[in-house]
Amino acid sequence: MGAVKIWNAMDVAEEARDNPSLSSDIQSSSLTVDHSLSLPHMKPRIIELCKDLFKKWSELDDSRFSIETVSGGITNLLLKASVKEESGNDVSMTVRLYGPNTEYVINRERELQAIKYLSAAGFGAKLLGVFGNGMVQSFINARTLVESDMRKPKLAAEIARQLRKFHEVEIPGSKEPQLWNDISKFFEKASVLEFDDSEKQRMHKMISFKEIHDEIVELKELTGLLNAPVVFAHNDLLCGNLMVNDEEEKLYLIDFEYGSYNYRGFDIGNHFNEYAGYDCDYSLYPSKDEQYHFFRHYLQPDNPLEVPDKDLEALYVESNTYMLASHLYWALWGIIQEKMSPIDFDYLGYFFLRYNEYKRQKERSFLLARSYLSGSGTR
């Protein structure tokens, strides 16, 4: 299956320009940039794109542009484009190229709708332009976090405070939580995939989709009893989507491509799972004390020490039950990525790591939730 462009960059930019409550200077271009090109071959294409998007640079000599790689995530390629203007000003931007076939797991229209409002609320980089297979945003002068940063008490407290603010942003449109819709779509796609590689096909055949389906039904029923608040959630708060400027002590939440209305506990439980990193070392999952530190700053950023115990307990149960849903979500995502992504990553292996951890944690988390719901609490 070839990549399908599921949104039109021109339409998105037009809509942004027509909405007076949002930035009116979002530029658009129909150009696309081949994700697989080497940087030297990609550079002229990026320069052409910058000139097409920002007309004031259309006459500038190519030598005034410099392009470098910032990072290659497992669904994106991030580039820094710098321009020396006639005035001598240096302007830097981030060019984000979507990975091929990522529209099978990411709703780009949903992402772009959200980005405009999150940007207006002060989150992430400012959206400057959209093009055929990516977007251009303002450059953030900060470093990306590593896994061990997330458990540092000072940074954990700031992540919690920022996430609370993020969850308070209103995004127009349906407020329906997307978790079970997304898991259902992933399940439908993952269960029928066929692989050309015989070893991958053999591994796929080993997966009991009947068992996974039963787990989804059971977990959906249990989480439904928790009445978790629905918020606009990031849904992918791993260290790579957090940046910090150490001098200014300023934290940034970035990359909202999985963002949607969702259950509060899913966003927090998913973040805690990310302490383990891509290597899935779940011995790094935060302890109850570390989680309570996070919850205090999330629930009452101004008076963290005054959060009632019952509120801490409720959020602990909620986050550690939805943590299981995070394992199912990314496990199924891994199967689809194994088929669709050209990036060299063992996605099928990732499925087994996530699904096995789900099974390892299930009994404890179900017991925790059921004892809480029956009124006996978490102690």
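- Taking the side chain to side chain contact (heavy atoms under 4.5 Å, CB included) definition, one finds that K80 meets it with E68, V70, S82, S92, F139, sequence neighbours left out.
- Nearest heavy atom pair, residue A156 against residue Y275, reads CB-OH, 4.4 Å.
- The stretch residues 296-307 participates, sequence neighbours left out, in no salt bridge (Lys or Arg N to Asp or Glu O under 4.0 Å) pair at all.
- Side-chain heavy atoms closer than 4.5 Å link hydrophobic residues (I, L, V, M, F, W, Y) into clusters, and following such links, even through other members, never connects L237 to I254.
- Partners of Y282 according to the ring-ring contact (aromatic ring centres under 6.0 Å, His included) rule, which considers only residues two or more places apart in sequence or in another chain, are H327.
- A cation-pi arrangement is present between K250 and Y252, with the terminal nitrogen or guanidinium carbon under 6.0 Å from the aromatic centre and inside a 45° cone about the axis.
- The shortest non-hydrogen separation linking A314 to Y372 is CB-OH, 3.2 Å.
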Contacts table for residues 165-176: side-chain donor-acceptor under 3.5 angstrom, sequence neighbours left out:
unit_1, atom_1, unit_2, atom_2, d
H167, ND1, Y298, OH, 2.7
H167, NE2, D267, OD2, 2.7
E168, OE2, R164, NE, 2.8
S174, OG, E176, N, 3.1
K175, NZ, I171, O, 3.1
E176, OE2, N181, ND2, 3.1

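- In this structure, K288 satisfies the cation-pi test against Y316, with its NZ or CZ atom closer than 6.0 Å to the six-membered ring centre and inside 45 degrees of the ring normal.
- Between Y329 and F186, the ring-plane angle classifies as tilted under the 30° and 60° cut-offs.
- Judged by the 6.0 Å distance and 45° axis criteria, K56 is not positioned over the aromatic ring of F54.
- The main-chain N or O of E85 is found under 3.5 Å from a side-chain atom of R64 such that the two form a donor-acceptor pair.
- Listed by first and then second residue, the side-chain hydrogen bond (donor to acceptor under 3.5 Å, both in side chains) pairs involving residues 149-159 are R143-D149, D149-K152, R151-E290, K154-E249, E158-R161, E158-Q162 (not counting sequence neighbours).
- Every residue two or more places apart in sequence or in another chain that forms a side chain to side chain contact (heavy atoms under 4.5 Å, CB included) with V230 is listed here: P177, Y261, Y263.
- For the pairing with Y278, the ring-ring contact (aromatic ring centres under 6.0 Å, His included) check across Y347, F345, W330 returns one residue only, F345.
- Note: H234 and F256 have perpendicular aromatic rings, judged against thresholds of 30 and 60 degrees for the angle between ring planes.
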